[in-house]
Amino acid sequence: MAARNPEERIYRAVMRIPRGRVATYGQIARVAGMPRHHRQVGRALGRLIDDGLVPWHRVLGAGGTISTRSADGSVEQLQRKLLEREGVMFDARGRVALARFQWKRAAKGP
DNA sequence: CTAGTGACTGTTT
DNA sequence: AAAACAGCCACTA
């Protein structure tokens with residue numbers, strides 16, 4: 001059962017992120033089957049309306065950084081708050097410790 | 001049709 | 001460490 005369009009694949013991939021875990025744009029793109037389409041991930045999530053179905057707050061930039069999308073950074077704070085509520089910790093630099101919280105896809109042997 | 005832009009990433013200077 | 005370059009896709013003017 002393959003997704004029909006890229007957007008749906010992206011949403012699916014994001015929804016697969018377990019609670020208390022995070023993933024990067026590149027990782028989502030990879031999981032969605034588009035290893036070099038990380039930009040489309042961000043674009044798709046930007047179009048997405050937060051209806052509570054897609055945990056957009058679990059998607060971070062490379063290295064566990066939160067991407068800037070609002071001038072005052074209010075959305076960033078919300079995202080950080082949501083993540084902390086799930087038990088995700090940030091370091092002094094404002095980045096997530098990916099070594100601890102990055103979502104690791106279940107290794108499935110071929 | 002072309003050109004510009006964007007929740008990005010990885011490699012090279 | 002920071003900046004520049006290249007790569008990919010969708011939407012808008």
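Per chain, numbering begins at 1; letters A, B, ... match sequence-line order.
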In residues 22-30 of chain A, what donor-acceptor pairs under 3.5 Å come from side-chain atoms, sequence neighbours left out?
unit_1: A/Thr24; atom_1: OG1; unit_2: A/Gln27; atom_2: N; d: 3.2
unit_1: A/Gln27; atom_1: OE1; unit_2: A/Gln102; atom_2: NE2; d: 3.0
unit_1: A/Gln27; atom_1: NE2; unit_2: A/Trp103; atom_2: O; d: 2.6

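Of the candidate nucleotides C/dC8, B/dA7, C/dA10, C/dA10 has the atom lying nearest to any side-chain atom of A/Pro6. When distances are taken from the side chain of A/His37 to each of C/dA10, B/dA7, C/dC9, the shortest belongs to C/dC9.
Atom OH in A/Tyr25 sits about 12 Å away from atom C1' in B/dT9, given to the nearest Å. Computed from coordinates, the A/Arg43 CZ to C/dT12 P distance equals 9 Å when rounded to whole Å. For the pair A/Arg36 CZ and B/dG6 C1', the interatomic distance rounds to 20 Å; values are reported in whole Å. We find that CZ of A/Arg47 is positioned 8 Å from P of C/dT12, with the value rounded to whole Å. B/dA7 atom P lies 18 Å from atom CD1 of A/Ile28, rounded to whole Å. Straight-line distance from the NE2 atom of A/His38 to the P atom of C/dC9: 11 Å, rounded to whole Å.
For A/Arg69, the side-chain hydrogen bond (donor to acceptor under 3.5 Å, both in side chains) test picks out A/Gln79, with sequence neighbours left out. Residues satisfying the salt bridge (charged side-chain N to carboxylate O under 4.0 Å, His left out) criterion with A/Arg47, sequence neighbours excluded, are A/Glu7. With sequence neighbours excluded, no residue forms a side-chain hydrogen bond (donor to acceptor under 3.5 Å, both in side chains) with A/His38.
Taking a 4.0 Å limit (strictly below) on heavy-atom distances, residues 52-65 of chain A reaches DNA chain B at A/Trp56, A/Gly61, A/Ala62.
Among pairs with a residue in residues 73-84 of chain A, those fulfilling salt bridge (Lys or Arg N to Asp or Glu O under 4.0 Å) read A/Arg80-A/Glu84, at least two apart in sequence or across chains. Applying the side-chain hydrogen bond (donor to acceptor under 3.5 Å, both in side chains) test to pairs two or more places apart or on separate chains, those with a residue in residues 52-64 of chain A are A/Asp50-A/Trp56, A/His57-A/Glu86, A/Arg58-A/Glu86.
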**Request:** Apply side-chain contact (heavy atoms from CB on, under 4.5 Å) to A/Leu48 and A/Ile10, showing your working.
**Result:** CA-CA 11 Å; A/Leu48 170 69; A/Ile10 291 168; over 6 Å; no
Mind listing the N/O atom pairs, protein and nucleotides 1-3 of chain C, below 3.5 Å?
none

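Listed by chain and number, the hydrophobic cluster partners of A/Met34 come to none, as no ILVMFWY side chain reaches under 4.5 Å of it.
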